[in-house]
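Computed from a predicted model, the values in this text were never measured in an experiment. Side chains included, hydrogens not; waters and symmetry mates left out as well; all remaining heavy atoms used.
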Amino acid sequence: MQEKDMVNDVLAGVKSSLGTYAKTIVECNNQNLRQTFQQMRDADEKFQYDLYKIAHQKGYYQPAPPADSAASSQLKTQLTQSFS
């Protein structure tokens, strides 16, 4: 297995874990356990971003192109209105 494949596999695994943390945190009733999961999530988010930067720099991972400013503004307006 090549380095690129390993990095992308790790990124996918961490992404999956982050989703699991989110579900676990919102359902956790024990404050100490909830805080532990939040700390684990925070550490994984930092790890994921650090690995992403390396993967992007090496050309292993290409993010989606940025949305144009009109689409971003429209989405922001819709979200603002729905939360008002």
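- Separating the CD1 atom in I25 from the CZ atom in R34 is a distance of 7.0 Å, to the nearest 0.5 Å.
- Rounding to the nearest 0.5 Å gives a distance of 10.5 Å between CZ of F37 and OG1 of T20.
- For residues 7-26, there are no salt bridge (Lys or Arg N to Asp or Glu O under 4.0 Å) pairs, not counting sequence neighbours.
- Checked against side-chain contact (heavy atoms from CB on, under 4.5 Å), D5 has the following partners two or more places apart in sequence or in another chain: M1, Q2.
- Annotation for Q39: atom CD counts as buried by contact number, over 12 foreign heavy atoms lying within 6.0 Å.
- P66 pairs by the side-chain contact (heavy atoms from CB on, under 4.5 Å) definition with nothing, not counting sequence neighbours.
- Taking a 4.5 Å side-chain heavy-atom cut-off between Ile, Leu, Val, Met, Phe, Trp and Tyr, the cluster of L79 extends to L75, F83.
- Not one N or O on the side chain of S16 forms a donor-acceptor pair closer than 3.5 Å with the backbone of A12.
- K4 meets the salt bridge (charged side-chain N to carboxylate O under 4.0 Å, His left out) test with no other residue; sequence neighbours excluded.
- Among residues at least two apart or in separate chains, salt bridge (Lys or Arg N to Asp or Glu O under 4.0 Å) pairs with a member in residues 55-84 are E3-K58.
- Considering CD of Q78 and CD of Q74, their distance stands at 4.5 Å, rounded to 0.5 Å.
- For D50, the side chain to side chain donor-acceptor pair (under 3.5 Å) test picks out K46, with sequence neighbours left out.
- Residues forming a ring pair (Phe, Tyr, Trp, His ring centres under 6.0 Å) with F47 (at least two apart in sequence, or on another chain): none.
- Counting only heavy atoms from C-beta outward, the side chains of L51 and L11 approach each other to under 4.5 Å.
- Proximity of a side-chain donor or acceptor of N8 to a complementary backbone N or O of Y61 within less than 3.5 Å is not detected.
- With sequence neighbours excluded, the residues forming a side-chain contact (heavy atoms from CB on, under 4.5 Å) with S17 are Y21, D44, listed by chain and number.
- Under a hydrophobic-cluster definition in which Ile, Leu, Val, Met, Phe, Trp and Tyr are linked whenever side-chain heavy atoms come within less than 4.5 Å, directly or via other members, M40 and L33 are assigned to the same cluster.
- For E45, the side-chain contact (heavy atoms from CB on, under 4.5 Å) partners at least two apart in sequence or on another chain are L18, R41, D42.
- Here V26 sits alone; no ILVMFWY side chain lies under 4.5 Å from its own, so it joins no hydrophobic cluster.
- Of the inter-residue distances, the one linking Y49 atom OH with H56 atom NE2 reads 10.0 Å to the nearest 0.5 angstrom.
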